[in-house]
There are 2 protein chains.
Amino acid sequence: MLTRVLAALSDPIRLGLVRLLADGQERGWGELRAPVAKSTLSHHLKVLRDAGVTRTRQEGTRCFVQLRRTDLDNRFPQLMEALLSVAATDDIGGDVTAARRDAPR
Amino acid sequence: MLTRVLAALSDPIRLGLVRLLADGQERGWGELRAPVAKSTLSHHLKVLRDAGVTRTRQEGTRCFVQLRRTDLDNRFPQLMEALLSVAATDDIGGDVTAARRDAPR
DNA sequence: ACCTTCGTTCGATAATCGACAAACATCGAA
DNA sequence: TTCGATGTTTGTCGATTATCGAACGAAGGT
């Protein structure tokens with residue numbers, strides 16, 4: 001549902017997460033750095049997952065998040081491109097980053 | 001703010017209103033037909049106005065609503081185009097219509 | 001002046017949301 | 001098997017949201 005996706009992306013932190021994943025690279029949950037508690041981050045990732053924006057893969061005790069770019073592009077042509085472009089220009093969710101893969105939490 | 005616009009458009013009724021106004025034509029408030037009370041409709045129009053999506057012109061005792069298409073296209077290139085295309089395909093907010101200009105309320 | 005129309009604003013209510021800490025579940029390592 | 005690391009779930013808080021009906025204020029018409 002389009003409205004679901006728009007609601008999911010109408011939060012700066014979630015949009016920041018999407019920006020971070022925009023290169024198509026899978027990211028480890030533990031790499032993600034956002035100015036919220038981990039339970040809140042888990043919540044945001046669940047919202048994105050439930051809206052069909054991201055996919056989560058579990059591997060042992062840790063999991064990896066990925067943007068469902070091709071699915072989104074099929075269902076909502078041009079939308080992510082337009083969105084990511086504006087979000088980058090305005091640096092929305094710029095406080096969401098990724099730590100080095102071997103960085104301590 | 002992008003997130004503000006996304007939040008504004010994440011409601012089916014508001015997206016329906018935007019679809020209705022997508023042709024650039026100005027519409028009389030009284031023409032608008034949505035399955036909500038008039039106070040609720042007023043609220044939705046205020047949300048769209050405050051997000052910079054629409055403009056309202058008052059003329060005497062009635063007012064006219066218009067999509068700020070060129071402003072939106074300048075600020076958020078390609079966004080409305082992508083959004084309106086998907087919304088049309090999925091018929092989101094299809095229960096929002098416009099009555100004939102001389103129709104009774 | 002009075003009434004009507006039009007849209008906004010005001011409460012009220014129920015639902016949802018973002019945030020946190022704390023408890024929990026799972027899995028690998030020691 | 002005990003421990004530690006990793007995410008999720010739960011409970012709670014305050015803020016926001018969608019909705020309604022009713023009251024309101026501004027114009028215009030009678």
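So that the names make sense, note that chain A is the first sequence line, chain B the second, and so on, each numbered from 1.
- Between B:T61 and C:dC6 there is no side-chain polar atom (N or O) within less than 4.0 angstrom of OP1 or OP2.
- What separates CZ of B:R4 from C1' of D:dT16 is a distance of 12 Å, to the nearest Å.
- Ranking C:dT9, D:dG7, C:dA21 by closeness to the A:W29 side chain, first place goes to D:dG7.
- For the pair B:K38 NZ and C:dC6 C1', the computed distance is 6 Å after rounding to whole Å.
- We find that CZ of A:R27 is positioned 15 Å from P of D:dG7, with the value rounded to whole Å.
- Distance CZ (A:F64) to C1' (C:dC27): 14 Å, rounded to an integer number of Å.
- A:L2 has its side chain out of reach of A:R75: every pair of non-hydrogen atoms, C-beta onward, lies at least 4.5 Å apart.
- One interatomic measurement links the two molecules: CZ of B:R62 to P of D:dG28, which rounds to 11 Å at whole-angstrom precision.
- In this structure, NE2 in B:H43 is found 9.5 Å from CG in B:L48, a value given to the nearest 0.5 Å.
- Salt bridge status for A:R33 with A:D95: absent, with no side-chain N to carboxylate O gap under 4.0 Å.
- Side chain of A:H44, nearest nucleotide from C:dG18, D:dC20, D:dT6: C:dG18.
- One atom, CD1 of B:I13, and another, C1' of D:dC20, lie 13 Å apart when rounded to the nearest Å.
- Regarding A:E59, its CD atom lies at a distance of 15 Å from the C1' atom of D:dG7, rounded to whole Å.
- Each of A:V36 and A:G60 has a nearest nucleotide on DNA chain C; the 5'-most of these lies closest to A:V36.
- The side chain of B:R49 contributes an N or O atom lying less than 4.0 Å from OP1 or OP2 of C:dT8.
- If you measure from atom NZ of B:K46 to atom P of D:dT17, you get 11 Å, rounded to the nearest angstrom.
- Close to C:dT9, at under 4.0 Å from its OP1 or OP2, lies no side-chain N or O of B:H43.
- The pair A:D23-A:R69 does not meet the salt-bridge criterion, since no charged nitrogen lies less than 4.0 angstrom from a carboxylate oxygen.
- The shortest distance between side-chain heavy atoms of A:R14 and A:V47 falls below 4.5 Å.
- Taking side-chain N and O atoms only, A:T40 has a distance below 4.0 Å to OP1 or OP2 of C:dC20.
- Taking the side chain of B:C63 as heavy atoms from C-beta on, and the options C:dG7, C:dT9, D:dT8, the nearest nucleotide is C:dG7.
- The listed nucleotides are C:dG18, D:dG21, D:dG7; the one nearest the side chain of B:S39 is D:dG21.
- OP1 or OP2 of C:dG18 sits under 4.0 Å from a side-chain N or O of A:R14.
- Between C:dG18, D:dT8, D:dC20, one nucleotide has an atom nearer to the side chain of A:D11 than all others, and that is C:dG18.
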